[in-house]
Amino acid sequence: MPGKLKVKIVAGRHLPVMDRASDLTDAFVEVKFGNTTFKTDVYLKSLNPQWNSEWFKFEVDDEDLQDEPLQITVLDHDTYSANDAIGKVYIDIDPLLYSEAATVISGWFPIYDTIHGIRGEINVVVKVDLFNDLNRFRQSSCGVKFFCTTSIPKCYRAVIIHGFVEELVVNEDPEYQWIDRIRTPRASNEARQRLISLMSGELQRKIGLKVLEMRGNAVVGYLQCFDLEGESGLVVRAIGTACTLDKLSSPAAFLPACNSPSKEMKELPFNEDPNPNTHSSGPSTPLKNQTYSFSPSKSYSRQSSSSDTDLSLTPKTGMGSGSAGKEGGPFKALLRQQTQSALEQREFPFFTLTAFPPGFLVHVGGVVSARSVKLLDRIHNPDEPETRDAWWAEIRQEIKSHAKALGCHAVVGYSESTSICEEVCILSASGTAAVLNPRFLQDGTVEGCLEQRIEENLPAGCGFCHIPYDELNMPFPAHLTYCYNCRKQKVPDVLFTTIDLPTDATVVGKGCLIQARLCRLKKKAQAEANATAISNLLPFMEYEVHTQLMNKLKLKGMNALFGLRIQITVGENMLMGLASATAVYLAALPMPGGIQIAGKTPSDGSYEQHISHMQKKISDTIAKNKELYEINPPEISEEIIGSPIPEPKQRSRLLRSQSESSDEVTELDLSHGKKDAFVLEIDDTDAMEDVHSLLTDVPPPSGFYSCNTEIMPGINNWTSEIQMFTSVRVIRLSSLNLTNQALNKNFNDLCENLLKSLYFKLRSMIPCCLCHVNFTVSLPEDELIQVTVTAVAITFDKNQALQTTKTHIEKSLQRASTDNEELLQFPLELCSDSLPSHPFPPAKEHLESARSNSGIPAAQRAVTVEKASPMGEGNFRNRSAPPCANSTVGVVKMTPLSFIPGAKITKYLGIINMFFIRETTSLREEGGVSGFLHAFIAEVFAMVRAHVAALGGNAVVSYIMKQCVFMENPNKNQAQCLINVSGDAVIFVRESELEVISTQQPTANCQQSCAGGEVTT
Amino acid sequence: MTSELDIFVGNTTLIDEEVYRLWLDGYSVSDAVALRVRAGILEQTGATAAVLQSDTMDHYRTFHMLERLLHAPPKLLHQLVFQIPPSRQALLIERYYAFDEAFVREVLGKKLSKGTKKDLDDISAKTGITLKSCRRQFDNFKRVFKVVEEMRGSLADNIQQHFLFSDRLARDYAAIVFFANNRFETAKKKLQYLSFGDFAFCAELMIQNWTLGAVGEAPSKPDSQVDDMDMDLDKEFLQDLKELKVLVADKDLLDLHKSLVCTALRGKLGVFSEMEANFKNLSRGLVNVAAKLTHNKDVRDLFVDLVEKVHLGPQFVEPCRSDHWPLGDVRLFLNQYSVTVHSLDGFRHQALWDRYMDTLRGCLLRLYHD
């Protein structure tokens, strides 16, 4: 009986009128956790009831605490007939289960109904009393922290980065159960919401157990996804990186402690334990010389089109396959744990992180990816996770072997995704092959790390570009030169990665977002024929996406891609490919050659003329782009560098494969010419189209930049205004004469217009940068293409934005705004009394004058005021006081980035992971599909903000909308949408306020932060 | 290729003031797009017409969703769905409840009923304000009226509290509600030269001095009819005004009054001779207006009476204007006229006179312009 959950229902407001006669409502509340339900009294005739209930107490296992959501239902009492439900609130109490996070959840929550949307708000207080659990065989993993952030969270320090954790649970989808035919849409939606909430709780608990097994205490880069497989089930799967994190002492920590002693005790063992068992036995440090027992991918490759043979062919890897729904008793779980610890250590040296502690990343090999086409209706035992586990294991093996072929022992920036259409499912995984510094992966004390670091003298800013593979034994022919930075090591001419730009990388000029977009028609087919058709198309798609990326990169005059994400989406009659990445010019890599166009028939005069005209246009564009992005690398004469290493054959570093065709992998030649300059051969109209489309991408209007990484290379003076947004577009293709070409054009226009609209909408924020631009494509129906974009616009100070070639010193400064290094800077600044050097006031003024009546500055002030007092009083969580009748609602910022410009995150309150369904049977009345979805997304934002505010936070970082599945049936006046979002709830403090606080503790601060700084610099 | 769905949702709700204005003005999306194009936005931003169309649609949708909340502004402040900075919230409310001068002049003093609402298309045609905008403005008036109708206390304060208006807007609405409640006639041709501001000014003075609330004493019977203290004129006071008749009915009093005023103003007034010649008519007019206020129907005609001639002879504002008295002279005369009454020993209704005349003098001075 390790926990007591206490819930108090305070009040409601803005309730809907449920009784037409009186225009009032007789509301009461049901509070349910697990199988226990409590009820409040009925509050008669009010739209703003004051229940002020007693504390409802639930005595529960911590296993249930982790799995179950708290379910609050608001109802209208009806004497004569059944009580009408007004709506529900699901509260994930997980943040209350680990120390350092929230201790109470208290605030106004929107009351949500899947048919009517938000209907008023309810004020709830939730607390948990946890008892120390000494049971070693426990099933729960309370105390393991989860972060969506794909880097080491800002107020923590990584002691050890253990590695990959994954888990997958399967259940029947309530929407496809027989009972769904007789129950109401509302009941069906609620069953689904509840099930997914339960499944994600279970999933998180299981991953937590694995982390404890590995002697970690946190999961970073936690990514959870749903696969709506339809008939065959509902899959919830998650991947993450297990770490042992240490909380950095921040100013807040000096103030009265807030953690109960019992909770702290839970943390201690992991930090102190100097020699956890498992690492000595397993391949814990994936070094270069390590041998992996991986089988050639070929052995896996044949099975997939006939996936019914999967199970027999796939080696039982023993990885996390025991997620057998809910019946897993203690005994079974114990067995599982044992096998896991024996077999799973470092089976996959994968890391979901995209940014790393300095010194962690040694070399980067290039992007590795694998895809596999599966048939869902061929799963033997759809209710069990084994088959899917095996599928993913197979893909991960492939990724691992690709990484190895690149001379790398690890994969970073790793992610997995699926695309499902009817019974066909494409599983994809991608990452960046890399060589890592093994020290972070071992259990070493911090001191040891520091000493070792001193010996190391990797050239700053270019080390990661150096090739990890053997020059004489290259996995594929590549064009190597000596590094333009240190001149000692070899570097490739182009580098593709899925990670963020390392902070110490030397970049010339600014970066920009580039996208490759592609559609391919496919015949409608059934089952295996369909899978085969898709499999056959995949290599061509990958090849073309890659070609487009390469062309566009050249056109920008840049030589590296970061944050590359290639999404392949399958529909009934087409495949879509969308690749997004942030292009930059790395100073260490050679200058990219131009693009040359070669015609096919040199004899034709007018044709020649046309070609030369095109050539000129392309050269002009390159020149213009170089100017636009300020790419003017220092000229280096050839003699110094030496001539390129012979064999200038291939430039591609993208190693890719599909299971269907992995025998082609080595044959698929991604090179684009054998000459020094990049040659495009125009040999047919298609190629002509390609060249044209190259030139149709318009750059963002002046004052705008965009990237899909965390930060924009080359801009480092962010001001504090941010605007996160989601934009969704669906277009209907005219079904007549659909050709690949027309399709491509439509898709291209869709994306370009969407970007143009964003630039227009956000024009008042200029100068600004769209960061973390995340496009998702789906094909909800035959002729529909849906594109969803989430990004954040951040303003920056133009006056300081012009510095270009200054190197990593500024880079780290720019990060310092959020990093712990800043701790170093502020106290020092204060000590030396150089007070007037505020970074912000001028910027703010600028902002205010520019947007005089916009009111945004006022909003910031509101936050400032709100947050200042709690920090001053003590570190007690500054839950923004539940907005009472006369106060306005506290501002909650949302951002897909891991930081908030101009502010410091002082506390992580826990993970936010929410799933909502909204359905309507009165689509027209709600403003059509646009009105419906607009309202729904606004409601989702509101519910996220309310949960964060109730946890005491004022922002969500690393926010992501992982799924937005929209289905409509205009003829029936119906629509349905499913949205899944996640992020980390945090408390941030404006830097200006931080100074005030740190003056109170200048000396202590200095010491602490110096220590912190050393570790991370 | 057609766009089935096209939305943009920001964590902070984007409000484009320009588009908001067009929406409030009742333009359709396509008209709004055309107007924005004409304003040169495409050239300024390099956007395409399609982008503009999508942007306008999006804003319209947002406004449409916000409209429900704007009907009860405190809801806008407390709702969780749209995160809007407080200053923007204030702007949304203020603009939503703002009204057109031309429109308010058409409905000022009319009953805010369905019947009036039916006339809105005529008003729309006459004023050039879109019917949609007329409806919004009319509904705003009516909504505010309904909410504060039954409330105690200061009219403007009640409005401000329940609709979160600025001081200025709250006072304007107080005037509108007051006029609608008392049904003052404002539409006559003779009154066309008066602006809403003129009437609002008068309304404020009347609320301050002539209503039940103005007396400042708590109603004797708490739950009786006197709830809307600021909205209804003090009936007793109006009845009492008959007593003022003595000022013109009693010939001695009238002569004394005249001689005292003339003595005081001799040499100070540019239009002294005209004043002297007209004094009796003027005084008769001013006092008769007061005496007529006993009947509801005459109360409604207060402004007409003040401006126009009635059977009793030339009334005040009009005659002065036709003789082109300078405003300074009018002020001097009215002050003197009103103060001198205190020196009339035979006149016993000094307090009543002040309550009447202070307000009336303020109104007359305000109404006295071209």
Side-chain angles (χ1 to χ4, degrees), chain A residues 13-14 108 110 118 121 701 722-734 746 749-750 753 756-764 784 786 853-856 858-860 862 883 885 888-889 891-895 927-931 933-935 937-939 941-943 945-946 966 968, chain B residues 1-19 36 41-42 44-62 64-66 68-69 72 74-92 94-95 161 164:
Chain A
R13 65 181 183 194
H14 304 153
W108 289 100
I118 289 177
E121 289 119 41
I722 63 171
Q723 167 71 291
M724 188 282 298
F725 58 84
T726 293
S727 188
V728 184
R729 272 193 193 186
V730 177
I731 56 161
R732 186 175 289 281
L733 302 160
S734 50
N746 277 333
D749 287 351
L750 172 61
N753 288 339
K756 275 185 213 157
S757 268
L758 297 181
Y759 296 136
F760 181 76
K761 281 218 171 272
L762 298 163
R763 64 193 185 282
S764 65
L784 297 184
Q786 178 190 331
N853 35 0
S854 70
I856 301 273
Q860 285 158 358
T888 49
V889 182
V891 175
V892 175
K893 302 218 170 205
M894 291 169 75
T895 172
V929 284
S930 294
L933 195 60
H934 191 150
I937 291 179
E939 286 177 340
F941 286 1
M943 287 185 276
R945 287 192 302 256
F966 178 72
E968 55 168 322
Chain B
M1 184 183 86
T2 48
S3 242
E4 283 273 303
L5 184 157
D6 177 7
I7 57 159
F8 175 99
V9 190
N11 183 37
T12 305
T13 305
L14 278 185
I15 308 286
D16 187 309
E17 288 182 45
E18 182 62 23
V19 184
R36 293 180 84 185
I41 195 157
L42 295 186
Q44 285 160 34
T45 58
T48 62
V51 164
L52 198 64
Q53 169 84 18
S54 133
D55 178 71
T56 311
M57 285 278 278
D58 211 64
H59 282 300
Y60 266 55
R61 200 162 43 239
T62 308
H64 184 72
M65 286 191 262
L66 285 169
R68 189 177 50 85
L69 298 163
K75 269 195 189 162
L76 183 69
L77 260 66
H78 295 136
Q79 53 82 32
L80 303 176
V81 177
F82 301 97
Q83 183 159 273
I84 305 171
S87 64
R88 292 248 124 183
Q89 288 179 343
L91 177 129
L92 285 172
E94 201 76 1
R95 296 264 177 93
Q161 198 186 333
L164 311 172

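Nothing here was measured: the structure is a model prediction, and the numbers come from that model.
- Qualifying salt bridge (Lys or Arg N to Asp or Glu O under 4.0 Å) partners for Glu94(B), counting only residues two or more places apart in sequence or in other chains: none.
- Comparing Thr895(A), Val728(A), Val929(A) by heavy-atom pairs within less than 4.5 Å of chain B, the highest count is held by Val728(A).
- Across all their heavy atoms, Ser727(A) and Ile7(B) have their closest contact at OG-O, 2.8 Å.
- The contact between Glu968(A) and chain B is made entirely by side chain atoms (from C-beta outward), counting heavy-atom distances below 4.5 Å.
- The distance from the CD1 atom of Ile41(B) to the OG1 atom of Thr56(B) is 8.0 Å, given to the nearest 0.5 Å.
- A 4.5 Å side-chain heavy-atom check between Ile15(B) and Leu66(B) finds at least one atom pair inside the cut-off.
- Chain B forms the most heavy-atom pairs under 4.5 Å with one residue out of Glu939(A), Met943(A), Arg763(A), Lys756(A), and that residue is Arg763(A).
- Among Ile84(B), Asp58(B), Leu76(B), Leu52(B), the residue with the largest count of heavy-atom pairs under 4.5 Å with chain A is Asp58(B).
- Both the backbone and the side chain of His934(A) come within contact range of chain B, judged by heavy atoms closer than 4.5 Å.
- Contacts between Phe966(A) and chain B at a heavy-atom distance below 4.5 Å involve the side chain alone, from C-beta outward.
- Atom CG of Leu14(B) is separated from atom CD of Gln723(A) by 5.0 Å, given to the nearest 0.5 angstrom.
- Remark: Arg36(B) engages Asp16(B), Asp55(B) in a salt bridge (Lys or Arg N to Asp or Glu O under 4.0 Å) (not counting sequence neighbours).
- The candidate with the highest count of non-hydrogen atom pairs below 4.5 Å against chain B, out of Met724(A), Arg729(A), Glu121(A), is Arg729(A).
- Counting heavy-atom pairs closer than 4.5 Å to chain B, the top residue among Leu933(A), Ile118(A), Leu784(A) is Leu933(A).
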